[in-house]
Protein chains: 2
Amino acid sequence: MEDRIENIKKQLHSQSYKLTPQREATVQVLLEHEQDHLSAEDVYLLVKDKAPEIGLATVYRTLELLTELKVVDKINFGDGVSRYDLRKEGAEHFHHHLVCVECGSVTEIEEDLLGDVEKVVESRFEFDVKDHRLTFHGICKNCQNKSE
Amino acid sequence: MEDRIENIKKQLHSQSYKLTPQREATVQVLLEHEQDHLSAEDVYLLVKDKAPEIGLATVYRTLELLTELKVVDKINFGDGVSRYDLRKEGAEHFHHHLVCVECGSVTEIEEDLLGDVEKVVESRFEFDVKDHRLTFHGICKNCQNKSE
DNA sequence: TTAAGTGCAAAGAATTTGCAAGTTG
DNA sequence: CAACTTGCAAATTCTTTGCACTTAA
């Protein structure tokens with residue numbers, strides 16, 4: 001955990017960005033909520049505990065910066081809000097998501113299920129794949145049991 | 001083409017929605033731009049040729065209705081705008097997209113590449129898959145040649 | 001006839017921007 | 001110090017809503 005913060009700090013410095021308390025607090029919040037898919041507003045409210053003076057605009061600017069540095073991925077599940085999802089340490093690809101249409105829960109899938117599919121895309125469509133977004137919409141285990 | 005309009009009309013009627021000239025014009029625009037990924041604003045401008053009095057709000061309402069009827073799918077490629085993509089006739093699943101990060105072009109992939117992946121998700125995660133979204137980000141054939 | 005649909009303008013929500021003041025390296 | 005950052009409020013952008021009027025079935 002400490003290491004990850006250190007790494008991110010180094011990344012900022014290496015691109016001659018400054019490490020402000022606001023940025024540090026934002027990164028901490030993201031690390032502490034690794035499983036969640038927080039909106040900018042969510043992050044804002046959580047960061048306020050650590051840095052009460054922070055403004056929402058700064059949170060937006062920081063999240064944009066972290067997206068650019070590939071520390072987080074910006075995703076959109078179809079409601080009107082962008083969400084920010086921490087990249088796994090050393091993960092080559094963005095992980096996948098299962099969104100339950102009943103309860104709205106979001107589950108992450110770590111393992112790469114797209115290896116073969118990507119090869120097909122690369123060869124058949126001559127498309128040089130850099131990243132992907134895969135989301136399944138359906139009914140989660142919990143809600144399946146509920147509706148029986 | 002005629003058939004598809006007829007089909008969509010029937011779908012509207014069967015749910016006791018009315019077939020207004022505005023709705024008909026909107027559907028026509030979508031059919032005429034099947035390969036595109038139009039935003040509500042895009043659709044609005046195009047529909048105005050056929051039905052000049054139409055308001056943007058009506059376009060939004062129509063697109064929402066067509067989404068509900070599964071005539072179109074609402075997608076979001078990460079810019080702040082929702083786009084509307086006509087479902088292929090009889091397609092069981094939503095098709096996939098290749099988004100070029102250089103030129104912004106969007107290519108559609110018809111064939112279902114996710115059959116096996118979906119089985120894994122269903123069995124391993126006990127998730128009842130209803131639909132999916134798969135988008136690859138990368139460099140299209142065209143842009144690969146350009147940068148050489 | 002009448003429930004459903006429309007256009008317009010106003011309201012809302014999410015995000016971005018301008019700028020003076022404050023900080024980091 | 002100088003360039004980068006911040007907070008605030010105002011501005012934008014996309015989308016939704018209220019309401020009086022119109023229209024398809």
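FYI, side chains are in, hydrogens and waters are out, and symmetry mates aren't considered; it's all heavy atoms of this structure. Lettering of chains follows the sequences in order, A, B, ..., and the numbering in each one begins at 1.
- In terms of hydrophobic clustering, with Ile, Leu, Val, Met, Phe, Trp and Tyr side chains grouped at heavy-atom distances under 4.5 Å, B/Val59 and B/Val81 are assigned to different clusters.
- For DNA chain C, the neighbouring residues in residues 51-58 of chain B, judged by any heavy atom under 4.0 Å, are B/Glu53, B/Ile54, B/Gly55, B/Ala57, B/Thr58.
- The shortest non-hydrogen separation linking B/His95 to B/Ile109 is CB-O, 3.2 Å.
- Once rounded to the nearest 0.5 Å, the distance linking CZ of B/Arg61 with CD of B/Gln22 reads 10.0 Å.
- A/Leu134 and A/Phe77 fall into different hydrophobic clusters, where Ile, Leu, Val, Met, Phe, Trp and Tyr are joined by side-chain heavy atoms under 4.5 Å apart, directly or via other members.
- For DNA chain C, the neighbouring residues in residues 61-81 of chain B, judged by any heavy atom under 4.0 Å, are B/Arg61.
- For B/Leu12 and C/dA3, the CG to C1' distance is 16 Å, given to the nearest whole Å.
- B/Arg4 and B/Glu34 get closest at one heavy-atom pair: NH1-OE2, 2.8 Å.
- Using a 4.0 Å cut-off between charged side-chain N and carboxylate O, A/Glu102 and A/Lys146 make no salt bridge.
- Remark: the backbone N or O of B/Gln144 is not paired with any side-chain donor or acceptor of A/Glu126 at under 3.5 angstrom.
- If you take CG of A/Asp42 and P of C/dT15, they are 10 Å apart, rounded to a whole angstrom.
- Between B/Tyr60 atom OH and C/dG12 atom C1' the separation is 13 Å, expressed in whole Å.
- Defining each end axis of the helix from C/dT1-D/dA25 to C/dG25-D/dC1 as the rotation carrying four pairs' C1' atoms onto the next four, with five pairs an end, the two axes are found to diverge by 40° to 10 degrees.
- At a threshold of 4.0 angstrom between heavy atoms, the contacts of A/Ser82 are confined to the sugar-phosphate backbone, with no base atom among them.
- Judged as a side chain to side chain donor-acceptor pair (under 3.5 Å), the pairs with a partner in residues 67-81 of chain B (not counting sequence neighbours) are, in order, B/Tyr17-B/Glu68, B/Asp73-B/Arg87, B/Asp73-B/Arg133, B/Asp79-B/Arg83.
- Scanning all heavy atoms of the two residues, the minimum distance from A/Cys140 to A/Cys100 falls at N-SG, 3.5 Å.
- A heavy-atom distance below 4.0 Å to DNA chain D is reached by these residues of residues 18-26 of chain B, ordered by number: B/Lys18, B/Leu19, B/Pro21.
- A nucleotide of DNA chain D counts as in contact with chain B when one of its atoms lies under 4.0 Å from a heavy atom; the first and last such, 5' to 3', are D/dC14 to D/dA25.
- A donor and an acceptor atom, one from each side chain of B/His97 and B/Asp85, are located under 3.5 Å apart.
- By the neighbour-count criterion of 12 heavy atoms within 6.0 Å, atom NZ of B/Lys50 is densely surrounded, having more than that number from other residues, nucleotides or ligands.
- Taking the charged nitrogens against the carboxylate oxygens, A/Lys9 and A/Glu6 do have a contact shorter than 4.0 Å, which makes a salt bridge.
- A straight line from CD of A/Glu41 to P of C/dT15 spans 9 Å, rounded to a whole angstrom.
- Both B/Leu114 and A/Phe127 belong to a single network of hydrophobic side chains, linked directly or stepwise wherever heavy atoms of I, L, V, M, F, W or Y lie under 4.5 Å apart.
- Between B/Val47 and B/Ala25 the shortest heavy-atom distance is CG1-CB, 4.0 Å.
- Here the closest heavy-atom approach between residue A/Tyr44 and residue A/Ile54 is recorded as CE1-O, 3.4 Å.
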